[in-house]
Amino acid sequence: MIQVGMAYYPEHWDRSLWEKDASRMAKLGVHAVRLAEFAWSRMEPEEGRFDFGWLDDAIDVIARHGMRVILSTPTNSGPMWLYTDHPETVQWGRDGRPTDLGIRGHRCIQSPVFRRYAGRIVEEMAQRYAGRPEILAWQIDNELESNHCTCPSCREAFRRWLREKYGTVEALNKAWGSEVWSGEISSWEQIQPLLAPDCMPDWHNPAFMLDYERFGAWSLADFIQRQRDIIKDHDPDAIVTTNSWFCANMPDFYQEFASLDVAAYDNYPPMDLPEDGETLYSNAFGLDLVRSFKRKNFWILEQLGGAGGCWSPMGPAPWPGMIEGYALQAVAHGADLVSFFRWRSSCSGAEMLGHGVLDHDDRDNRRLAEIGRFCRRLEAMPELDRTGLHSDVAMLYGPDQEFVLKNQRQSRNFAYWTQLRLFHDACMGLGVNLDVAPESAALEGYKVVLVPTHYVTDPALAARLEAFAAGGGTVVVTNRSGVKDKHNNCIFGEALPTVFRRLCGCRVEEYDAIGDDRRHIAAVNGGSFAVTGWCDLLEPEGAQVWARYTEKFYAGTAAITKNAFGAGWAYYVGAVGERALYRSLLLEIFRAQDIPVLTALPQGVEVTTRSGEGGTYRFFFNDTLHGKTFPVDGQMVSLRPMEMKIQGEGGEWL
Ligand code: GLA
Ligand code: ZN
């Protein structure tokens, strides 16, 4: 059965409330209570003096009500004594100064002193709780980010990491091409972390930036693995995870979760839903990306439970149906556990206006009722956790691409996520499951592989894609692919898309970074589409032309090509188009590959399928604030705003 969780902070409430809270949660249908991710000062009030009595009691209350615990390590926020007695544990910002105390998340995850104290509290917790039947799983820290701390420990660690990678400063200078602007170093001490936000990132060497991001991602994964190892030493069967999010300092999620048992994510979907805006299908994309972290079903450790209100002015109230609908959407994309944030809004602290399920008044409310409805619907599908998503279509995602395209924008109106999202949105609109996959993923079993902007290039991937196409698959490559080598330097002496040129049967003769401007392309088989961001002017070398530009000095020049390669096809998309372009292109590709599509879905409705030993379930979700009616398999389906309908194996509605 899919599990339902709830974030709870016993340390925020008078003990007299615990019993009643647990009983209300159990009655609601909650299976697991998530505890303790910020409670270090209560567990270790003074250096070396541990107090777990209160946590024991809280766990006992929860267990007495038939629920289990997701226990978090509290390393996100050290106690005040740690920061003041050991200032080297404090994180430093881009300004090269220690962060203010009294907030949260301001610890240096690389500092050896911090790691010693973090290791000790995790060891104490693992000794006490690992292997106990009340514990369902462990969460490491909270919403970790890639390490961009600039403190002396992190400087040292970055230098060590580079030294291990390159061996000599000469090798580093060569890899980075640091002769430009006299950036060559003659000793490791000259290496700095990324400082000075005002000239970030355009003035820095892109090769330095990429290694800095890779170091930050490694540092995070290393921090996670150490905690994981401590817990596993006490209970090798423990389920250990961490709650990821799409943050400013994006980690390499594949590395982040490599040592963990299940991927997890904090799911705060958009609350305003313009019918045709940027947010359309955005949450579906995020969930499919999270499913790629371990290439299997995942958990949601924080799910929208009320209006936000900490990091910015308060957010809007969730519309009726949103809390239930979004929780079911997570399940539809592969979540096997959905834990809501949080039981009750706190009365103190910076996040007092961040709304939990219950308001400060503690009365039952419509948000609670929606979570109850969510629980009832899951109870009606007890076998659902024995299913997963199966896809004919894979889309490659690369952390390196994420890093470099964020730090060196190609043009206004060109972003890696937009490139990915445009293809993903089109799949959602056609009711086609899509797997996001790491660049190293095996391609067997897929019919179509989408490769948006493979910018930092791996020639081995090009060879694998050639074999895939030769065997009958369809590959779609886009603009800004094959541009950089593994150090993030431009590839010399080869026409773009370099390693993909043979597969795509075309070359980029010239390009135009048009930013916010718009041009148009006409498809050879009919249809005209607006494009923006970037225009590659293509010269076919064996490929057919799929669409041509209609304006400017390149009117008549190929914008999209289609190349027969062995038994399959390779498309090259030279521009960034409007939604309709991707729909038209993918419809052609899916039909040719016999992938079933639903052509009558209104925009904003998404359809995904979970199947396996537990049966087959088709999820129809209306991710808009307007009612939608549309035909499916000869019958009309109507969905209220934010409504999820689920169809069982025999076509019955569940
Ligand atoms: C994040 C954090 C939580 C809380 C919520 C507020 O997801 O992990 O501790 O601050 O945001 O919405
Ligand atoms: Zn640091």
Side-chain angles (χ1 to χ4, degrees), residues 5-9 11-12 34-39 70 72-78 83 86-99 103-115 118 139-161 192-195 212 215-216 218-220 222-223 241-249 264-271 286 300-316 318 323 326 339-346 349-357:
M6 187 66 75
Y8 187 58
Y9 300 91
E11 69 276 22
H12 296 183
R34 175 173 164 262
L35 297 178
E37 76 274 23
F38 298 114
I70 299 169
S72 311
T73 69
T75 50
N76 178 277
S77 298
Y83 296 136
H86 305 281
E88 65 272 52
T89 61
V90 179
Q91 191 178 79
W92 288 24
R94 289 259 166 79
D95 56 359
R97 299 160 57 118
T99 308
I103 55 166
R104 74 177 200 184
H106 51 314
R107 70 318 185 202
C108 171
I109 62 167
Q110 189 65 54
S111 147
V113 180
F114 183 75
R115 285 193 173 199
Q139 172 185 310
I140 291 174
D141 206 286
N142 189 71
E143 290 199 338
L144 284 152
E145 297 192 24
S146 183
N147 182 18
H148 277 216
C149 173
T150 63
C151 81
S153 303
C154 289
R155 284 170 202 226
E156 260 320 299
F158 183 38
R159 288 168 190 158
R160 263 197 321 272
W161 185 89
Q192 301 292 330
L194 180 64
L195 289 159
Y212 185 64
F215 158 75
W218 164 82
S219 170
L220 172 62
D222 184 58
F223 178 70
T241 184
T242 187
N243 52 335
S244 64
W245 64 309
F246 301 139
C247 48
N249 294 327
Y265 170 62
D266 289 351
N267 190 26
Y268 292 100
M271 312 262 287
I300 299 293
L301 285 175
E302 290 183 19
Q303 171 74 31
L304 177 76
C310 172
W311 319 117
S312 53
M314 275 175 54
I323 291 190
Y326 274 142
S339 186
F340 290 89
F341 190 83
R342 53 188 283 169
W343 175 242
R344 184 169 42 232
S345 320
S346 92
E351 208 166 50
M352 59 170 71
L353 299 181
H355 283 69
V357 180

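Every number for a ligand or one of its atoms is a count from 1 in the order of the listing.
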Under the 3.5 angstrom rule, does the side chain of [X] hit a backbone N or O of [Y] as a donor-acceptor pair?
X: Asn267; Y: Gln303; value: no
X: Gln91; Y: Arg107; value: yes
X: Gln139; Y: Asp141; value: yes

**OP:** Just need the protein heavy atom nearest to atom 10 (O) of ligand 1, so name the residue and atom and give the distance.
**Re:** Glu351 OE2, 2.3 Å

Subject >> Nearest-neighbour protein heavy atom for atom 9 (O) of ligand 1, which is reported as residue plus atom name and distance >> reply: Arg104 NH1, 3.1 Å

Could you list which atoms of ligand 1 come closer than 4.0 Å to a heavy atom of [X]?
X: Asn142; answer: 2 (C), 8 (O), 9 (O)
X: Asp266; answer: 7 (O), 8 (O)
X: Phe38; answer: 9 (O)
X: Tyr268; answer: 5 (C), 7 (O), 12 (O)

Original post:
So which heavy atom on Glu143 is nearest to which on Trp245, and how close?
Top reply: O-NE1, 3.0 Å

Original post:
Of the backbone atoms (N, CA, C, O) and the side-chain heavy atoms from C-beta on, which set of Trp245 has a member under 4.0 Å from an atom of ligand 1: side chain, backbone, both, or neither?
Top reply: neither

Original post:
Taking heavy atoms and a distance under 4.0 Å, where does Glu37 meet ligand 1: side chain, backbone, both or neither?
Top reply: neither

**OP:** Report yes or no: does a heavy atom of His355 sit under 4.0 Å from some atom of ligand 1?
**Re:** no

Original post:
How about His86 and Phe114: are their ring centroids closer than 6.0 Å?
Top reply: no

**OP:** State whether the shortest distance between N or O atoms of Glu302 and N or O atoms of ligand 1 falls below 3.5 angstrom.
**Re:** yes

Original post:
Looking only at N/O atoms, are Glu143 and ligand 1 under 3.5 Å apart anywhere?
Top reply: yes

Original post:
Could you state the interatomic distance from CD1 (Ile109) to OG (Ser219), rounded to the nearest 0.5 Å?
Top reply: 4.0 Å

Original post:
If you stand at the Zn ion (ligand 2) and look out to SG of Cys108 and SG of Cys149, what angle do those two lines make, to 10°?
Top reply: 120°

Original post:
Can we say Glu302 and Arg34 salt-bridge, meaning some charged N sits less than 4.0 Å from an Asp/Glu carboxylate O?
Top reply: yes

Original post:
Just wondering, do Asp95 and Leu195 contact through their side chains at under 4.5 Å, heavy atoms?
Top reply: no

